[in-house]
Student: 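Sharing a structure, written as structure tokens. Questions coming.
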Amino acid sequence: MGGHLRAVKISDSVYWVGAIDWGLREFHGYATSRGSTYNAYLVMSEKPTLIDTVKAPFKDEMMARIASVIPPEKIDTIVSNHAEMDHSGALPAVVAEVKPSRVLASPMGVKALTAHFAPDFEIMPVKSGESVDIGGMTLSFIETRMLHWPDSMFSFLEEEKVLFSQDAFGLHFATSKLFADENDMSVVFHESKKYYANIVMPYAKKVQALLADVAESGLAPDIIASDHGPIWRGEGIATPLKWYAEWASGKPSRKAVVIYDTMWGATAKMAVAVCDGLRDAGVEVAVLPLASFSRSDVATEILGAGAVLVGSPTINNQIFPSLADTLTYIKGLKPANLVGAAFGAYGWSGEAVKQLNGILTDMGVDLVSEGVRAFYTPTAEVLEQCRLLGAETAKRLTAN
Ligand code: FEO
């Protein structure tokens with residue numbers, strides 16, 4: 001069929017009909033430095049079925065790709081695996097244009113989509129373990145509540161063993177190479193880890209339960225088609241499963257993350273000394289000055305680390321705003337099994353270290369000490385205390 005855009009075949013009956021968002025750099029607080037894709041899939045059974053849609057502004061791109069395979073009004077069934085707007089934003093307009101005979105979602109998906117759109121079409125609930133005939137082929141459903149929204153579910157095309165996993169096993173990575181194995185695997189690893197850290201990390205226990213369920217069910221996909229980034233196929237599908245099992249384990253490593261901001265360089269000097277104390281004790285260290293790193297970079301580095309050390313000057317009796325931002329974000333991601341400490345320079349009352357200790361304790365971080373403060377600028381003695389703070393943290397990592 002004509003048109004300027006094409007679908008891409010990923011199995012005998014399944015086509016990728018999504019959109020590539022090359023310029024995306026911000027996704028609800030997550031710095032998406034390599035853009036993203038919104039993947040939607042067309043199953044060419046006798047009752048053609050669309051799995052998920054795309055972010056609203058990309059609707060025409062998706063429809064053009066569908067039109068390269070069939071006239072879109074031939075779509076019989078639309079499945080919404082995830083109600084978040086990057087996959088459902090185009091849904092009302094697509095339903096109005098296509099007029100499918102049914103729209104399916106999990107029971108929680110029906111609630112979420114109804115609340116978002118007050119739709120003038122019916123959405124039928126499908127539950128875990130249910131399957132539907134889509135015209136000579138079968139789609140079965142697995143609800144994956146809180147991975148990462150209450151409505152999230154997987155759909156599985158039994159005949160071709162394609163697992164449509166919505167956000168799970170996805171990554172924000174705009175690429176023209178549709179399959180993961182065609183891309184630079186170090187980039188795929190980094191962006192997958194970043195995605196897990198920023199989106200999935202709070203739900204580690206759910207990931208472990210899901211991986212166990214999938215193993216027990218004997219579900220053996222040949223393709224894992226997520227809603228973001230490239231598609232996993234063949235032997236490659238073991239890769240994200242192995243990564244998720246490791247990340248969800250919460251097992252800390254001998255790695256420390258040092259996060260800080262600075263007004264006139266004093267807290268920065270302290271960070272360097274803390275880093276050296278850790279490094280000299282054989283600990284891998286990632287130092288993240290917040291003027292140069294985003295909160296989502298911090299989340300990525302913290303995933304799998306064993307320690308977090310946080311430095312802030314005191315400004316008007318408070319911690320630096322960048323620390324408040326980043327720590328609020330990280331707290332919500334619920335990193336596990338961390339030890340840590342605080343440090344910072346001050347000129348008057350110097351509340352920051354005490355406030356940071358409170359925040360770290362609220363996050364469940366096991367404090368190594370009360371921390372180190374520098375009056376205006378760190379003396380050689382204070383810098384030695386910072387180095388020892390690093391060394392003491394390293395010892396706690398060894399003890400773990
Ligand atoms: Fe890609 Fe949770 O949306």
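Both counts, for ligands and for their atoms, begin at 1 and track the order of listing. Keep in mind it's a predicted model, so treat the numbers as computed, not measured.
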Student: How about atom 2 (Fe) of ligand 1, which protein N, O or S atoms come within less than 2.8 Å?
Tutor: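 Protein N, O or S atoms closer than 2.8 Å to atom 2 (Fe) of ligand 1: His82 NE2, Glu84 OE1, His148 NE2, Asp167 OD2.
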Student: Whether the Asp86 and His228 side chains hold a donor-acceptor pair (N or O, under 3.5 Å, no angle test) is what I'd like checked.
Tutor: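 There is such a pair between these side chains.
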Student: As a test of understanding, state which of Asn316, Thr314, Asn317 forms a side chain to side chain donor-acceptor pair (under 3.5 Å) with Ser349.
Tutor: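 That would be Asn317; it is the only one of Asn316, Thr314, Asn317 passing the side chain to side chain donor-acceptor pair (under 3.5 Å) with Ser349.
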Student: Which N, O or S atom name in His228 marks its closest approach to atom 1 (Fe) of ligand 1?
Tutor: NE2
Student: With a 6.0 Å cut-off on the ring centroids, do Phe141 and Phe154 count as close?
Tutor: no
Student: Going by salt bridge (Lys or Arg N to Asp or Glu O under 4.0 Å), name the pairs with one or both residues in residues 353-371, residues two or more places apart or in two chains.
Tutor: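 Every salt bridge (Lys or Arg N to Asp or Glu O under 4.0 Å) pair that includes a residue of residues 353-371, provided the two are not neighbours, is Asp366-Arg396.
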Student: Give every donor-acceptor pair under 3.5 Å between a side-chain atom in residues 46-53 and any protein atom, sequence neighbours left out.
Tutor:
| residue | atom | partner | partner atom | Å |
| --- | --- | --- | --- | --- |
| Thr49 | OG1 | Lys47 | O | 2.8 |
| Asp52 | OD1 | Asn81 | N | 2.8 |
| Thr53 | OG1 | His87 | O | 2.6 |

Student: Hey, could you give me each pair passing salt bridge (Lys or Arg N to Asp or Glu O under 4.0 Å) that has a residue in residues 138-152? Not counting sequence neighbours.
Tutor: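 Every pair satisfying salt bridge (Lys or Arg N to Asp or Glu O under 4.0 Å) with a residue in residues 138-152: Glu143-Arg145.
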